[in-house]
Amino acid sequence: MRKIATWNVNSLKVRLPQVLDWLAAESPDVLALQETKLQDADFPAGAIRAAGYEVVFAGQKTYNGVALLSREPADAVVTELPGLADPQRRVLGATVAGVRVLDLYVPNGQAVGSDKYAYKLDWLAKLAAFLETERAAHPELVVLGDFNIAPEDRDVHDPEAWRGQILCSGPERAAFRGLLDAGFRDAFRLFEQPPKTFSWWDYRGGGFRRNHGLRIDHILLSPALAARCRGCRIDTGPRRLERPSDHAPVLASFDT
DNA sequence: ATGGTGGCGCGGCCA
């Protein structure tokens, strides 16, 4: 496993040409997608396989949906968090070339105090419990995706405006911190990074042009994988294209 | 300005 990436594409139907171009340019070993917004019957598996990737996916109509693209086959696939009977397709775990990969689309939460916010915090608690068992079973474990959490003020373009708001609230940040406390490493923070580097910019108000963004897409590594990690960056190239996703891909590279 | 833009799918929800 030399390179692994995550990208919230906000509709794979719309973004498929961009994804195929990006695969050709970057040639990651694994690409985790979120917000495919496709039922499984409509998933473009043929085009992805023609590009040289295996693919597994868990989709639903209109909302959510996750997919794992990989050079080598994906085994031991899971699509649920234990203890959460949920029709929303937000989880896709698989083992690829001996590495356990968990692709997540964490709930957005909408607004602090809302029903969706409560669902998000409950979801994160069940995730933490699940990761304890996954960590014990798989020394080489990567958890990546759209976490919908900006972990620290330096991950926010205007920390004062966002303080306590959705994506930045104390309980959300505490949940993320809990994953780090459990031993996961934020791949992006293993390396020196330019300030004001973000992974998501609102479509509204010229967010990207003004770099009004947040870093909410993450690659978390078990200690064994972190020891082999040699770089992590956010590729803003796709965000500059016509009709972009509102998220940019995040990539981590490794020694074999 | 309680807005703004984009996706889905055709009215309103979600982000």
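We use all heavy atoms of the structure for the numbers below, so side chains are in, but hydrogens, waters and symmetry mates are not. Note on naming: letters A, B, ... go to the chains in the order of the sequence lines (proteins, then strands), and numbering restarts at 1 for each one.
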Practice task
Say whether A:R215 and A:H218, considering side chains only, have a donor N or O and an acceptor N or O under 3.5 Å apart.
Solution key: yes
(message) With rounding to the closest Å, how many angstrom separate the C1' atoms on B:dG11 and B:dA1?
(response) 24 Å
- Query: Base, sugar-phosphate, or nothing: which does A:Y105 touch, judged by heavy atoms less than 4.0 Å apart?
  - Reply: sugar-phosphate
Assign each of A:D202 and A:Q110 the nucleotide of DNA chain B bearing its closest heavy atom; nearer the 5' end lies the nucleotide of A:D202
Check: Would you call A:D153-A:R163 a salt bridge at under 4.0 Å N-O?
Finding: yes
Between B:dT5 and B:dC10, how far apart are the P atoms? Round to whole Å, please.
23 Å
key: Pair A:S253-A:R233, side-chain donor/acceptor within less than 3.5 Å   = no
Taken to the nearest whole Å, NZ/A:K116 to C1'/B:dC14 is 7 Å
Whole-Å distance, A:Y119 OH to B:dA15 C1', equals 14 Å
Salt bridge (charged side-chain N to carboxylate O under 4.0 Å, His left out) test vs A:D155 passes for just one of A:K196, A:R173, A:R189, namely A:R189
- Task: Using the P atom on both, measure B:dG4 against B:dG9 and round to a whole Å.
- Result: 23 Å
Between CD of A:Q60 and P of B:dA15 the distance, given in whole Å, is 10 Å
The answer to which of A:T62 and A:Y203 contacts DNA chain B further toward the 5' end, by nearest nucleotide, is A:Y203
side-chain N/O A:R15 vs B:dG7 OP1/OP2, d < 4.0 Å: yes
Here the distance between atom C1' of B:dT5 and atom CZ of A:R209, to the nearest Å, is 13 Å
When rounded to whole Å, the CZ to P distance for the pair A:R210 and B:dT5 reads 12 Å
note: A:D217, atom CG; B:dA15, atom C1'; distance rounded to Å ~ 13 Å
Quiz prompt | Spacing of the P atoms in B:dG7 and B:dT2 (rounded, Å) | solution = 25 Å
Report task. Examine B:dC8: is either OP1 or OP2 under 4.0 Å from a nitrogen or oxygen in the side chain of A:S11? Give yes or no. Result -> yes
Rounded to whole Å, CG of A:L33 lies from C1' of B:dG7 at a distance of 16 Å
With A:R230 as the cation and A:F254 as the aromatic partner, state whether NZ or CZ is under 6.0 Å from the six-membered ring centre and within 45° of the axis. no
Closest of B:dA15, B:dC13, B:dG9 to the A:K61 side chain is B:dG9
Phosphate oxygens OP1/OP2 of B:dA15: is one of them under 4.0 Å from a side-chain N or O of A:R204? no
In whole angstroms, the gap separating P of B:dG7 from NE2 of A:H247 amounts to 13 Å
